[in-house]
Visitor: 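The structure is given below, and queries will be raised subsequently.
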Amino acid sequence: FWEFKEFHGEILIARHLGKYGVIDRNGNIILDTIYEKIEYLSNPNYLRVTKEGAMGVVSTDGRVIVPLKYNYIGDMSENLIIVRSGWLYGCYNKEGEMVIPCDYSSMSEFKNGMTIAGPLKKLGYMNNKGEFIIEPFADEAYHFSDGCARVVVDGRTGYIDIDGNWVIEPTYDGGGNSSIGIIPVMTNGKFSYITKDMHVISKVEYTTAEDFDPEYRVARVSNNNKWGIINEVGREIIPVQYDILHILPDGYIYVEKNKKCGVYTTGGALCFPTKYNRVQYEVGEPLYGAGYITISSDTEVFRIDKQGNNV
């Protein structure tokens, strides 16, 4: 072996003469170096392998889970693996049993025990036994969120419940997903927000309206490439005036305007005005992950903790 990837648990993907295999920490060969490609699935006990253009799945103890004969294999979701033979999709479980035959022209990853699947051009909702809970009827369909799912029929967007009944009839040009009972919907290229019972919470229209954050109960909105925040009653608690705006996991909102940075809380309180050159943060990471933040202006660099103390 002359090339190794890092150990993942007790195994290591190794390359020899342009082919890949798997060894354990003691150097024992689990899979011979005969594959053009080996990839970990989201469950690291399973590997997607490719040989002579065909794909399969093996376990890290060398068992064949999915035979090496498919032209597409997705990631594992809810212990199920979606495969494609030709242009038709099916599904295996992690024990290597084919639970859904390759009879469907479309199949999504599983979420909450369901996949979106269908023959030809119509989509419905199927359980992990291959039984349709909602028969195929939609041109586009999305996973359930907050008790309802967005679907498109004849170019119009609406929302259904788990029984397939309309929560909101398909009358909109587009929309987002339901969260905390509120849904962004689009008419004539502009977004507004409504509740599941069709109550309008925001009469202001936006060019972009994102789903509500279920923890902080706020949503990002924009007009003319400027961003702001509205709350669950439709009030703009951060004005739509910022070039960049990110909701961070610890309840703070980073904003940037004219290349100057600032910080709000998700309640709309201003922590630091937009006068700083840099506020150190990473998208998707807590603002105060280290217990403090580093801020720089034209004249100084300083650190501040959550209580506003200079550290």
Side-chain angles (χ1 to χ4, degrees), residues 41-42 70-93 98-200 206-214 219-220:
L41 297 183
S42 55
Y70 294 98
N71 54 349
Y72 168 83
I73 291 178
D75 201 356
M76 183 177 288
S77 59
E78 298 189 352
N79 294 322
L80 296 165
I81 305 166
I82 293 172
V83 301
R84 189 181 74 207
S85 178
W87 294 104
L88 296 177
Y89 292 86
C91 186
Y92 283 80
N93 63 22
M98 181 168 241
V99 292
I100 302 175
C102 290
D103 291 338
Y104 302 96
S105 58
S106 180
M107 184 173 289
S108 75
E109 66 177 8
F110 278 82
K111 186 176 180 181
N112 298 322
M114 287 186 290
T115 180
I116 300 165
L120 301 176
K121 296 182 178 180
K122 296 299 181 182
L123 297 170
Y125 293 83
M126 178 186 289
N127 64 20
N128 54 21
K129 298 178 182 178
E131 303 164 337
F132 275 109
I133 299 170
I134 300 173
E135 291 292 329
F137 77 102
D139 303 314
E140 297 177 31
Y142 300 84
H143 281 293
F144 277 84
S145 171
D146 195 30
C148 65
R150 173 166 46 114
V151 296
V152 178
V153 177
D154 296 329
R156 309 298 289 171
T157 295
Y159 296 81
I160 59 171
D161 63 20
I162 194 65
D163 296 317
N165 301 314
W166 291 110
V167 176
I168 297 174
E169 294 283 341
T171 58
Y172 293 97
D173 298 335
N177 298 312
S178 179
S179 177
I180 66 168
I182 300 172
I183 304 169
V185 291
M186 183 175 69
T187 303
N188 297 326
K190 291 284 189 176
F191 283 92
S192 59
Y193 287 90
I194 63 172
T195 63
K196 291 181 185 179
D197 58 4
M198 300 291 291
H199 173 66
V200 177
Y206 301 98
T207 53
T208 304
E210 296 188 352
D211 300 340
F212 266 78
D213 183 298
R220 297 199 325 151

Visitor: Mind jotting down which residue pairs meet the salt bridge (charged side-chain N to carboxylate O under 4.0 Å, His left out) criterion with at least one end in residues 179-193? Sequence neighbours excluded, please.
Guide: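 Matches after skipping sequence neighbours: none remain.
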Visitor: Can you list everything that forms a ring-ring contact (aromatic ring centres under 6.0 Å, His included) with Tyr70? Sequence neighbours excluded, please.
Guide: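 Per chain and number, Tyr70 pairs via ring-ring contact (aromatic ring centres under 6.0 Å, His included) with Tyr92.
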Visitor: Going by side-chain hydrogen bond (donor to acceptor under 3.5 Å, both in side chains), name the residues that satisfy it together with Asn127, two or more places apart in sequence or in a different chain.
Guide: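 Residues passing side-chain hydrogen bond (donor to acceptor under 3.5 Å, both in side chains) with Asn127: Glu131.
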Visitor: Minimum heavy-atom separation for Phe110 and Cys91, please, with both atom names.
Guide: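 In this case the closest contact between Phe110 and Cys91 is CE1-SG, 3.8 Å.
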Visitor: What residues form a side-chain hydrogen bond (donor to acceptor under 3.5 Å, both in side chains) with Thr187, not counting sequence neighbours?
Guide: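 So Thr187 forms no side-chain hydrogen bond (donor to acceptor under 3.5 Å, both in side chains) with any residue.
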Visitor: Suppose we screen for side-chain hydrogen bond (donor to acceptor under 3.5 Å, both in side chains). Which residues come up paired with Thr171, at least two apart in sequence or across chains?
Guide: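 Listed in chain order: nothing, the list is empty.
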Visitor: Any side-chain hydrogen bond (donor to acceptor under 3.5 Å, both in side chains) pairs touching residues 81-90, not counting sequence neighbours?
Guide: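 Residue pairs with at least one partner in residues 81-90: Arg84-Tyr89.
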Visitor: Which heavy-atom pair separates Met186 from Tyr172 by the least distance, and what is that distance?
Guide: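 That closest heavy-atom pairing would be O-CB, 3.6 Å.
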Visitor: Tell me, please, which residues at least two apart from Asp146 pass salt bridge (charged side-chain N to carboxylate O under 4.0 Å, His left out).
Guide: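 If we apply the salt bridge (charged side-chain N to carboxylate O under 4.0 Å, His left out) test to Asp146, skipping adjacent residues, the hits are Lys196.
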Visitor: Going by heavy atoms in the side chains, are Val185 and Thr157 under 4.5 Å from each other?
Guide: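 Side chain of Val185 against side chain of Thr157, heavy atoms only: no contact under 4.5 Å found.
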Visitor: Filter on salt bridge (charged side-chain N to carboxylate O under 4.0 Å, His left out), then keep only pairs touching residues 101-123, sequence neighbours left out; what's left?
Guide: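 As it turns out, the salt bridge (charged side-chain N to carboxylate O under 4.0 Å, His left out) pairs with a partner in residues 101-123, which skip direct neighbours, are Lys122-Asp139.
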Visitor: Would you list the pairs meeting ring pair (Phe, Tyr, Trp, His ring centres under 6.0 Å) in which at least one residue belongs to residues 140-165, sequence neighbours left out?
Guide: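 Counting only pairs at least two positions apart or across chains, the ring pair (Phe, Tyr, Trp, His ring centres under 6.0 Å) contacts touching residues 140-165 are Tyr125-Phe144.
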Visitor: With sequence neighbours left out, which residue pairs that include part of residues 153-179 fulfil the salt bridge (charged side-chain N to carboxylate O under 4.0 Å, His left out) condition?
Guide: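 Every salt bridge (charged side-chain N to carboxylate O under 4.0 Å, His left out) pair that includes a residue of residues 153-179, provided the two are not neighbours, is Arg156-Asp173.
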Visitor: For Tyr193, which residues count as a ring-ring contact (aromatic ring centres under 6.0 Å, His included) partner, sequence neighbours excluded?
Guide: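 ring-ring contact (aromatic ring centres under 6.0 Å, His included) check on Tyr193 returns Phe212.
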Visitor: Using the side-chain hydrogen bond (donor to acceptor under 3.5 Å, both in side chains) criterion, which residues pair with Asp197? Sequence neighbours excluded.
Guide: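 Asp197: side-chain hydrogen bond (donor to acceptor under 3.5 Å, both in side chains) contacts with Thr195.
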